[in-house]
Chemist: 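Once you've had a glance at the structure underneath, I'll fire off some questions.
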Amino acid sequence: MRLDYITIFPEYFAPLNASLVGKAIDSGILATGVHDLRQYTHDVHRSVDDTPFGGGAGMVMKPEPWGEALDAIVGPDSQSQTQGERTVLIIPTPSGIRFTQQVAAELADYDHLVFACGRYEGIDARVPQYARTLVEVRELSLGDYVLNGGEVAALAMTEAIVRLLPGVIGNPASLAEESHSEELAGLLEYPLYTKPASWRGMDVPDILLSGHHAKIAQWRRDKAEELTRDRRPDLVPSSD
Ligand code: 6GU
């Protein structure tokens with residue numbers, strides 16, 4: 001998979017070279033490119049924003065640098081586009097569709113993801129409209145809160161997607177039973193324990209030491225349900 005990021009803060013993407021994502025780059029599973037949006041400006045001030053038509057507070061990202069950046073990175077003559085590859089342009093925005101585990105799994109099937117990271121109050125609305133003439137576009141939100149820009153959201157989405165790629169996680173079975181996985185039927189993960197069996201007066205539940213696999217599985221399902229009812233009742237399948 002190839003990942004490209006368009007941003008006015010390229011330094012935000014230094015963590016790509018660390019941890020799981022960094023290992024995936026080293027092992028050749030991933031290739032990444034970080035592009036400074038200001039490369040695609042032509043004025044002395046390299047300006048990327050302007051005041052909003054219709055008035056209002058804050059600034060809006062101008063369409064022209066974005067148009068040139070998109071042409072260079074996902075346009076028909078782009079060097080980073082390969083014939084026949086599946087590409088999607090992701091625009092992180094608090095007004096997007098919710099980014100979920102399901103969306104992460106869908107995106108893990110693409111060949112090329114490009115993240116368009118906006119700042120200020122947002123990007124001129126003609127940019128996604130133009131981008132849709134070139135590639136599939138998804139405007140995605142992490143949740144109901146506002147970040148200063150798309151960079152941190154792009155990194156969060158990257159981590160969620162990359163860990164699903166074959167060969168990135170050492171033991172693929174560890175993907176199966178975690179929170180939001182299909183295995184747990186969309187429930188939160190049950191509590192986990194390791195040695196010692198007794199620590200600071202707190203004991204690991206006896207059932208987990210019993211070696212009784214069916215009872216352990218039942219206990220874990222019960223705990224996952226209990227935890228989900230408590231913390232995320234919205235995730236519990238309704239009984240009707
Ligand atoms: Cl994806 N972007 C921004 N800027 N803020 C957000 C977000 C995304 N998701 C939640 N808040």
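Read the numbers this way: they start at 1 and go in the same order the structure lists the ligands and their atoms. Owing to the predicted nature of the structure, the values given are computational and were not obtained by experimental measurement.
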Chemist: Just checking, any donor-acceptor pair under 3.5 angstrom between side chains of Thr100 and Gln102?
Modeler: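 Looking only at side-chain atoms, Gln102 and Thr100 do not form any donor-acceptor pair under 3.5 Å.
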
Chemist: Is it the case that more than 12 heavy atoms not belonging to Ile97 sit under 6.0 Å from its CD1 atom?
Modeler: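 Atom CD1 in Ile97 is not crowded, with 12 or fewer foreign heavy atoms closer than 6.0 Å.
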
Chemist: Anything with a heavy atom under 4.0 Å from ligand 1 counts, so go ahead and list those protein residues by chain and number.
Modeler: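 Close residues (ligand 1, cut-off 4.0 Å): Pro92, Thr93, Pro94, Leu140, Ser141, Leu142, Gly143, Tyr145, Val146, Leu147, Gly149, Ala153, Met157.
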
Chemist: List in chain and number order the residues that pass side-chain hydrogen bond (donor to acceptor under 3.5 Å, both in side chains) with Arg126, two or more places apart in sequence or in another chain; answer none if no residue qualifies.
Modeler: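 Arg126 satisfies side-chain hydrogen bond (donor to acceptor under 3.5 Å, both in side chains) with Asp124 once adjacent residues are dropped.
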
Chemist: Hey, does Lys62 have a side-chain heavy atom less than 4.5 Å from the side chain of Thr41?
Modeler: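 The answer is no, as the side chains (C-beta and beyond) never meet within the 4.5 Å cut-off.
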
Chemist: side-chain hydrogen bond (donor to acceptor under 3.5 Å, both in side chains) with Asn17: which residues, sequence neighbours excluded?
Modeler: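 Residues passing side-chain hydrogen bond (donor to acceptor under 3.5 Å, both in side chains) with Asn17: none at all.
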
Chemist: ring-ring contact (aromatic ring centres under 6.0 Å, His included) with Phe13: which residues, sequence neighbours excluded?
Modeler: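 Phe13 satisfies ring-ring contact (aromatic ring centres under 6.0 Å, His included) with Tyr5 only.
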
